[in-house]
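Labels below follow one simple rule: chain letters A, B, ... track the order of the sequence lines, proteins then strands, and each chain is numbered from 1.
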Amino acid sequence: MSLTLHNTLTKGKQPFTPITPGRVTMYCCGVTVYDDCHLGHARSYLGWDVLRRYLRWRGYVVHYVQNFTDVDDKILNRAKAEGTTMAAVSERYIERYFEDMRRLNVLDADEYPRVTEHIGAIHELIGQLEAKGYAYGAEGDVYYQVGQFADYGKLSGRSQSTLEAGASGRDLATTAKADPADFALWKGAKPDEPAWDSPWGPGRPGWHIECSAMIRARLGATIDIHGGGGDLVFPHHENEIAQSQAASGKPLAHCWLHNGMVTVNGEKMSKSLGNFTTIRDLLDGRWAEYPQPVDPMAVRLFVLQGHYRKPLDFTKAAIAAALSNWQTLKAGLLFGDRHGANLGWPAPTSAPSSATRQTGETPWVERFQAAMDDDLNTPRALAVVFELAKGLQREHNRLTHGGDTPENSAQLCQQWQTLVDLAQVLGLEADLMAEEQTGAGLDDGAIADLVQQRQRARQHRDFATADQIRDRLAVVGVTVVDQPDGETRWHRQ
RNA sequence: GGCGACAUAGCCAAGUGGUAAGGCAGAGGUCUGCAAAACCUCCAUUCCCCGGUUCGAAUCCGGGUGUCGCCUCCA
C-alpha cells in the first residue's frame, strides 16, 4: 500500500516516492498580504495542512515551506490609500493570516519566506536566466522569453501557438515584450514606488520569480510536492517551471497538486468579483448567509467532506449541516475525556497535534489509510471517523442520559484512541475545557439547586414552573433529562 | 473561441465492471405531564439523457444536455 497523489503534470494519480526516502519537501504558494484571507484560502491551506499531517502520520519527515508575497501592486495600492508603507500593510496581514489559520487549526509551516528577504536570490536567478539566453531586458524591465523554453505549457496543457492566439483582448501596445506570452521577471521602478537596486536598474521582482527563487533558496532545485490553488496552474506555476527548470536544468517539483475552487451559492468567489467572504467574517457570524458564529472545526469538517480537487460550494445549508456533523464528532472525541476515568481507562493518550501515529493496525486504521492513500480521499476517510464517533456518541448518550455502563469498555477505549488519532490527522480536535465553558455563570451547585426546584414543582404538578426552570437552564446550555424512574439528570450541552 | 473539470436520494458525499459507504435532514415507534434530549426502526430497484460493449455498467466506449473553472489579478 502506498500513497498515490494526482499530479497535474501527468494528469493522473501516481505513487508518491520522495526524492530522499523518508523525507518530503513541499512548498505551497502562500498569500499576497494585502487583505484578510477568504474562504478560498481556508479551503486551500486546510487541504495542504491535512496533506502535511498525513505525511507525518505516515512516518515521513516533512519540510513544509509556504511563502508570503509582500511585494505587489495591491499591497502598494493599499499602502498608498492608507498613507502608510508596503511593509506596514504586509506585516498587518501576515499577523492576521496567522490568527485565522490558527483558529482553523492549521499547523504552522516550517518556514515562511518573504519576497523582501530574497531580493538577492531573485537577482541571482534572473542573472542566470539572462546568461543562458532565457531572459532579455527592455526599457528597464526584464522579461522571460517563453519561446526559448521547449516545455512551456506542459503543466497547464496548452501549446505556445494557442497562447499567442489567445492573447486577444489584451492591450499589447503598452508593453515592451518581444512576444505577448513573455512575462516580467523584473519590473523597472516607476516614480514614487518602492524599488530595489539591481543589475538592470532599480525596480522590483515580477510575480512568478519569487517562488522560483525562494524554493531554490529554502528547499533546493527539485522538491517533492508543490501545491496551490487550481487558478495558479496558469500562468503562475507554468512560469515557475519555466524559470526554475531553465536555470537549473532539473525538474522543479515531482508532484504538482492543485485544489478546486470555492464557490458561494454556486457562484465563483473571487476578489475581483468582490463577493468574497473572509475567514474571520464566517467564523465570527458576519457572513450574510449564516449570520451566527461558526465553530472553526465545523468549517474544517465541511471543507474535508469534499475532495480537495473538486469545487466546494459554501451554502447556508452546508454550513448548518457541518455544525451538526461536528456535534456528533465532538461527542466521540470527548468521550474518553469525559468518561475515561470513570471507566478505569489509562490516563489519556490522546495525541497532541502533529504527532505521528498513535494506534496500531486495526480495520478502522486500514480503511482510513486506504482512503487517504487514494489521493487524500478525505470524504471516504471521514466515513471511518464517523463510524467510530457514532458508536462513542451512542455510549456517551447512554451514560449521560441513563447511567448505563458500557459492557465493552476495553474495546471502546481502543475505539476512542483510534478516533482521536485519526481525527487528529485531519486536524479535527475537540477541547473539553472549552466545552465546559458552556453554561458559564452558573456553577454546578446553582444548577443542581434549580434542578431540585424543578423537581419539587413537578411533584406538585406545577408544570408551568417546571418548564420555566428548564427553559432557563437551556438558555445557558444546560440540558435536563427526566428519567423514567423519576430522577432528573442534567448535563452541559 | 481555446483548454479542462464535474453531473449519484431533500442536502453534502463515497463508489473506477459484480449488483448503491458515511454524514446531515426527514418519517414512524419507545420513553415522557408535555416538549426537548435519548434509544430502536425506516429512508436511492437506482446513479443527467440516448445509444453501444458485456453474462453483468453508476462504473468502459460513442453522442447529447447541463453546471462550473482556467485562458487577465486571484488559493
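Between A/Arg394 and the phosphate of B/rA38, there is no side-chain N or O to OP1/OP2 separation shorter than 4.0 Å. Residue A/Lys390 has no polar side-chain atom (N or O) positioned under 4.0 Å from OP1 or OP2 of B/rC39. In this structure, A/His41 reaches the B/rA75 phosphate: one of its side-chain N or O atoms is under 4.0 Å from OP1 or OP2. For B/rA37, neither phosphate oxygen OP1 nor OP2 lies less than 4.0 angstrom from any side-chain nitrogen or oxygen of A/Asn397. Between A/Lys310 and the phosphate of B/rC12, there is no side-chain N or O to OP1/OP2 separation shorter than 4.0 Å. A sub-4.0 Å separation between OP1 or OP2 of B/rC40 and a side-chain N or O of A/Arg398 is present.
In this structure, the side chain of A/Asp49 engages the main chain of A/Leu107 through a donor-acceptor pair within 3.5 Å. Put simply, the side chain of A/Asn239 never gets that close to the backbone of A/His208: no donor and acceptor are under 3.5 Å apart.
B/rC39 is paired with B/rG29 under the criterion used here, namely a Watson-Crick or G-U wobble arrangement in which both key atom distances are under 3.5 Å.
When heavy atoms are screened at a 4.0 angstrom cut-off, A/Asp374 is found touching the sugar-phosphate backbone but no base atom. Nucleic acid contact for A/Phe302: none, since no nucleic acid atom lies under 4.0 Å from a heavy atom of the residue. If you check every strand for non-hydrogen atoms under 4.0 Å, A/Gly228 touches sugar and phosphate atoms only. Residue contacts shown for A/Gly30 are limited to sugar-phosphate atoms, with no base heavy atom under 4.0 Å away. Base contact: A/Gly40 has a heavy atom under 4.0 Å from a base atom. Residue-level contact check: A/Gly266 touches the backbone only, with heavy atoms under 4.0 Å from sugar-phosphate atoms and none from bases. Contacts of A/Lys11 with the nucleic acid, taken as non-hydrogen atoms under 4.0 Å apart, are absent. At the heavy-atom level, A/Phe463 lies under 4.0 Å from base atoms of the strands shown. Across all strands, A/Thr400 comes closer than 4.0 Å to no nucleic acid atom at all (heavy-atom distances).
In this structure, A/Arg78 pairs ionically with A/Asp35, as a charged nitrogen and a carboxylate oxygen lie closer than 4.0 Å. A salt bridge links A/Arg103 with A/Asp284: the distance from a Lys NZ or Arg NE/NH1/NH2 to an Asp or Glu carboxylate oxygen falls below 4.0 Å. Between A/Lys177 and A/Asp182 there is no salt bridge, since none of the side-chain N atoms of the basic residue sits less than 4.0 Å from a carboxylate O of the acidic one.
Of all the residues in residues 314-322 of chain A, A/Ala321 reach under 4.0 Å from RNA chain B with at least one non-hydrogen atom.
A/Tyr308 has its OH atom 16 Å from the P atom of B/rA13, to the nearest Å. Spacing between atom NE2 of A/His401 and atom P of B/rU30 amounts to 20 Å, rounded to whole angstrom units. Protein atom CG of A/Asp313 is 15 Å distant from nucleotide atom C1' of B/rA5, rounded to whole Å. As a whole-Å value, the separation of A/His237 NE2 from B/rC71 P is 13 Å. Distance, A/Leu155 CG to B/rG4 P: 14 Å, rounded to whole Å. Here the P atom of nucleotide B/rG22 and the CZ atom of A/Phe368 are 18 Å apart, to the nearest Å. One atom, CD of A/Gln455, and another, P of B/rU32, lie 14 Å apart when rounded to the nearest Å. Taking atom CD1 of residue A/Ile225 and atom C1' of nucleotide B/rA75, one finds them 17 Å apart after rounding to whole Å.
The residue from A/Gln452, A/Gln453, A/Arg458 that alone fulfils the side chain to side chain donor-acceptor pair (under 3.5 Å) condition with A/Gln455 is A/Arg458.
Proximity note for A/Met261 (side chain, C-beta onward) versus B/rA75, B/rA37, B/rG15: the nearest is B/rA75. In this structure, the nucleotide among B/rG15, B/rA75, B/rU16 sitting nearest to the side chain of A/Arg380 is B/rG15. With distances taken from any side-chain atom of A/Asn377 to the nucleotides B/rA14, B/rG22, B/rC40, the minimum falls on B/rA14. Picking from B/rG22, B/rC71, B/rA75 the nucleotide with the shortest atom distance to the side chain of A/Phe234 gives B/rC71. Closest contact between the side chain of A/Lys74 and the listed nucleotides B/rC73, B/rG22, B/rA75 involves B/rC73.
Comparing B/rG10 with B/rC48, their P atoms are spaced 13 Å from each other, to the whole Å.
Sorted by first and then second residue, the side-chain hydrogen bond (donor to acceptor under 3.5 Å, both in side chains) pairs with a member in residues 377-390 of chain A read A/Arg367-A/Glu387, A/Asp374-A/Arg380; sequence neighbours excluded.
Under the 6.0 Å distance and 45° angle rule, A/Lys74 counts as a cation-pi partner of A/Tyr34.
For A/Phe302 and A/Phe314, the distance between ring centers is under 6.0 angstrom. Between A/Phe68 and A/Phe98, the ring centre distance stays below 6.0 Å. A/His6 and A/His258 have their aromatic ring centers separated by at least 6.0 angstrom.
In this structure, the side chains of A/Cys255 and A/His226 stay at 4.5 Å or more apart for every pair of heavy atoms.
When each of A/Gly306 and A/Asn259 is assigned the nucleotide of RNA chain B bearing its nearest heavy atom, the one mapping closer to the 5' terminus is A/Gly306. When each of A/Arg461 and A/Leu39 is assigned the nucleotide of RNA chain B bearing its nearest heavy atom, the one mapping closer to the 5' terminus is A/Arg461.
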Would you list the protein and nucleotides 34-36 of chain B atom pairs, both N or O, that sit under 3.5 Å from each other?
unit_1, atom_1, unit_2, atom_2, d
B/rC34, N3, A/Arg470, NH1, 3.3
B/rC34, N3, A/Arg470, NH2, 3.3
B/rC34, N4, A/Arg470, NH1, 3.2
B/rC34, N4, A/Asp482, OD2, 3.3
B/rA35, N6, A/Arg470, NH1, 2.8
B/rA35, N1, A/Arg470, NE, 3.0
B/rA35, N1, A/Arg470, NH1, 2.2
B/rA35, N1, A/Arg470, NH2, 3.4
B/rA35, N3, A/Arg470, NH2, 3.1

